[in-house]
Amino acid sequence: MTVLAACATLALAGCGTTSEQTGGSAEAGKPEKCGADGKYTIGMSQANRGEPYRVRMDDDVQKAGSKVPQFKVELADAQKDSARQAEQVQTFITQKVNLIIVSPNEAAPLTDIVKKAYNARIPVIVLDRKTTTEDYNQWIGADNIKIGEAAGKYFAEKLLPQGGEILEIRGLSSSTPAGERGDGFRKGAGDKIKIVAQADAEWERDIAVTKATELLRSHPNIKHVYAHNDPMAEGVYKAAEQLGRKDIVVTGIDGLPIDAGGIKAVEAGRLAATFVYPTAGKEAIETAKKILVDCQSVAKQQLLQTELVSKENAQQVYTRLNAG
């Protein structure tokens with residue numbers, strides 16, 4: 001199967017929701033009140049606003065929330081601090097908000113407080129990164145293992161069909177996407193692609209510049225780099241530029257925000273490819289509306305579409321997403 005066919009299959013498989021709610025007490029996650037005649041406060045805790053992708057996620061939540069007359073959305077920035085994020089969720093619990101949206105900085109440190117809110121009958125929607133249990137109403141995101149696998153296939157089939165050595169710039173190691181995007185890549189790339197060195201750049205461009213500079217100096221013969229998101233991929237490009245390495249080929253993941261993210265970087269030639277990872281902001285508000293306004297139960301998981309963006313289709317994808 002070609003990488004394009006694999007990505008098309010991934011996009012189709014990513015539609016809709018799967019698996020009904022399980023676990024917790026009978027009342028866990030059920031709102032104290034619901035209905036179209038109510039007014040509801042939604043508290044959202046974002047892992048950080050240092051990543052352009054997460055700024056776009058917040059914007060999508062706010063934009064979608066503003067279209068629901070019953071909703072008021074309050075945003076909080078955890079600034080990459082899991083303890084701060086747990087405190088933010090606790091504040092939302094104390095304030096007795098009607099629903100909480102959280103995109104965890106790390107999985108384990110946020111698990112207990114998310115469970116506490118869920119058991120206190122405050123519905124919880126988890127975006128992108130997961131917690132270690134399913135004590136929430138719904139997780140929304142794309143399949144990071146399959147995205148990583150598609151990235152690995154892209155390397156194996158398009159960039160290094162004869163095999164070769166590459167470097168890997170990973171996200172925050174204690175966050176679930178880092179492990180999943182790394183594991184998926186190894187599966188998709190197969191035995192011919194050898195990752196000879198890797199570094200954790202915490203999802204951020206500036207850290208990636210430093211880490212990539214070190215790796216490229218230590219491995220001067222390696223020309224290909226897999227980065228777990230677009231800001232880090234841009235950091236690799238910047239490091240290579242500073243080192244005079246015009247031969248470096250780098251891929252990323254996310255694609256967003258539309259006007260300043262990976263899609264435009266691919267179109268400009270800084271990245272060889274990226275994979276669109278939807279923010280889930282619009283979908284989070286849709287789920288919140290089902291729970292609070294429509295008094296409906298929701299599936300435990302909602303998988304979103306992703307797709308490969310290369311030089312060949314970057315303008316087409318940009319135009320379609322910008323129109324949406």
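Start at 1 with the first residue, then count along the sequence.
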Please step through salt bridge (charged side-chain N to carboxylate O under 4.0 Å, His left out) for the pair E51 and R49, ending with a clear verdict.
CA-CA 5 Å; E51 301 171 49; R49 286 179 59 86; over 6 Å; no

Kindly indicate, with the supporting measurements, whether the criterion salt bridge (charged side-chain N to carboxylate O under 4.0 Å, His left out) is fulfilled by R84 and E87.
CA-CA 5 Å; R84 180 194 298 267; E87 291 174 359; over 6 Å; no

For E168 and K211, what are the C-alpha separation, side-chain angles and deciding distance, and is it a salt bridge (charged side-chain N to carboxylate O under 4.0 Å, His left out)?
CA-CA 10 Å; E168 180 182 26; K211 298 291 186 177; over 6 Å; no

Report the C-alpha distance between K300 and W139 in whole Å, list the side-chain angles of each, state the deciding distance to 0.1 Å, and finish with yes or no for side-chain contact (heavy atoms from CB on, under 4.5 Å).
CA-CA 6 Å; K300 183 62 69 174; W139 170 81; over 6 Å; no

Step by step, would you call T287 with Q302 a side-chain contact (heavy atoms from CB on, under 4.5 Å)?
CA-CA 10 Å; T287 294; Q302 183 178 170; 3.5 Å; yes

Give the intermediate values and the outcome of side-chain contact (heavy atoms from CB on, under 4.5 Å) for residues V124 and V126.
CA-CA 6 Å; V124 182; V126 179; 4.2 Å; yes

Take E234 and R270, measure what salt bridge (charged side-chain N to carboxylate O under 4.0 Å, His left out) needs, and give me the verdict at the end.
CA-CA 7 Å; E234 291 269 37; R270 297 191 300 276; 2.8 Å; yes

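With hydrogens and angles left out, the side-chain atoms of S175 and W203 include a donor and acceptor closer than 3.5 Å. For Q90 and T94, the side-chain atoms include at least one donor-acceptor pair closer than 3.5 Å. Checking E106 against S82 by side-chain atom types alone, a donor-acceptor pair falls below 3.5 Å. With no hydrogens or angles considered, a side-chain donor-acceptor pair links Q315 and T319 at under 3.5 Å. Side chain to side chain, D128 and Y53 fail the donor-acceptor criterion of an N or O pair below 3.5 Å. For the residue pair S103 / R54, a side-chain donor-acceptor distance below 3.5 Å is found, with atom types taken as modelled. Remark: the D77 side chain and the Q46 side chain contain no N/O donor-acceptor pair separated by less than 3.5 Å.
Looking only at distances, no side-chain donor or acceptor of K194 sits under 3.5 Å from a matching main-chain atom of I166. Here the side chain of N98 pairs a donor or acceptor atom with the backbone of T41 at under 3.5 angstrom. Side-chain N or O atoms of N137 include none that pairs as donor or acceptor with a backbone N or O of I122 at under 3.5 Å. Using a distance-only test at 3.5 Å, with no hydrogens or angles considered, a donor-acceptor pair links the side chain of T111 to the main chain of A107. Judged by distance alone, the side chain of Q138 and the main-chain N or O of Q301 form no donor-acceptor pair under 3.5 Å. No side-chain donor-acceptor contact under 3.5 Å links R181 to the backbone of I147. At distances below 3.5 Å, not a single donor-acceptor pair connects side-chain atoms of N144 with backbone N or O atoms of E180. Checking side-chain atoms of K39 against main-chain N and O of P69 turns up a donor-acceptor pair under 3.5 Å. For K153 (side chain) and A189 (main-chain N/O), no donor-acceptor pair under 3.5 Å exists by modelled atom type.
Two residues are said to be in side-chain contact when any heavy atoms from C-beta on lie closer than 4.5 Å; I195 and L167 fail this criterion. Using a 4.5 Å heavy-atom threshold, the side chains of V102 and M44 count as separate. V293 is not listed as a side-chain neighbour of C34, based on a closest heavy-atom distance of 4.5 Å or more. Side-chain contact between I113 and I93: present, with at least one pair of heavy atoms (C-beta onward) separated by less than 4.5 Å. Taking 4.5 Å as the limit, every side-chain heavy atom of F275 sits out of range of all side-chain heavy atoms of E307. Taking the side chain as every heavy atom from C-beta outward, I285 and I42 approach each other to under 4.5 Å. When side chains are defined from C-beta on, E204 does not count as touching D206, because their heavy atoms never get closer than 4.5 Å. Between Y277 and L256, the closest side-chain pair of non-hydrogen atoms is not below 4.5 Å.
Sorted by first and then second residue, the disulfide bond (SG atoms under 2.5 Å apart) pairs with a member in residues 128-204 form an empty list; sequence neighbours excluded. Among residues at least two apart or in separate chains, there is no disulfide bond (SG atoms under 2.5 Å apart) pair with a member in residues 77-127.
Taking the six-membered ring for Trp and thresholds of 30 and 60 degrees, F185 and Y226 have nearly parallel ring planes, at less than 30 degrees apart.
The line from CZ of R205 to CG of D230 is 12.5 Å long, rounded to the nearest 0.5 Å. Taking CG of D200 as the start and CE of M232 as the end, the distance is 8.0 Å to the nearest 0.5 Å. For the atom pair NZ of K282 and CG of D59, the computed distance is 15.5 Å after rounding to the nearest 0.5 Å. The CG atom of L99 sits 11.0 Å away from the OH atom of Y40 when rounded to the nearest 0.5 Å. How far CD of Q296 is from NZ of K290: 6.5 Å, rounded to the nearest 0.5 Å. Rounded to the nearest 0.5 Å, atoms NZ (K223) and CD (E165) are 12.5 Å apart.
Annotation for A239 and V209: closest pair CB-O, 3.6 Å, computed over non-hydrogen atoms. For T251 against A272, the heavy-atom pair with the smallest separation is CG2-CB, 4.2 Å. The two residues Q88 and S45 have their closest heavy-atom pair at OE1-OG, 2.6 Å. A pairwise comparison of heavy atoms in V317 and I263 identifies CG1-CD1, 3.9 Å as the closest pair. Nearest heavy atoms, V266 versus S310: CG1-C, 3.4 Å. Smallest separation of non-hydrogen atoms from L75 and V73: CD2-CG1, 4.0 Å.
Around the NZ atom of K116, the shell of radius 6.0 Å holds no more than 12 heavy atoms that belong to other residues, nucleotides or ligands. By the 6.0 Å contact criterion, NZ on K187 is open, its count of non-hydrogen atoms from other residues, nucleotides or ligands being 12 or less. In this structure, D191 places its CG atom where only 12 or fewer heavy-atom neighbours from other residues, nucleotides or ligands lie under 6.0 Å away.
No single ILVMFWY cluster, assembled from side-chain heavy atoms under 4.5 Å apart, contains both Y237 and I253. Note on L321: it clusters hydrophobically with L304, by side-chain heavy-atom contacts below 4.5 Å among ILVMFWY residues. Residue I193 is not grouped with residue I145 when hydrophobic side chains (ILVMFWY) are merged at heavy-atom distances under 4.5 angstrom, including chains of intermediate members. A continuous path of hydrophobic side-chain contacts links M57 to V68 [ILVMFWY only; heavy atoms under 4.5 Å].
Taking the ring axis of Y136 as reference, the NZ or CZ atom of K115 does not stay both within 45° of it and closer than 6.0 Å to the ring centre.
Screening D58, D60, D254 against T279 for a side-chain hydrogen bond (donor to acceptor under 3.5 Å, both in side chains) leaves a single residue, D60.
Ion pair K80/E202 flagged as a salt bridge, since at least one NZ, NE, NH1 or NH2 atom sits closer than 4.0 Å to an Asp/Glu carboxylate oxygen.
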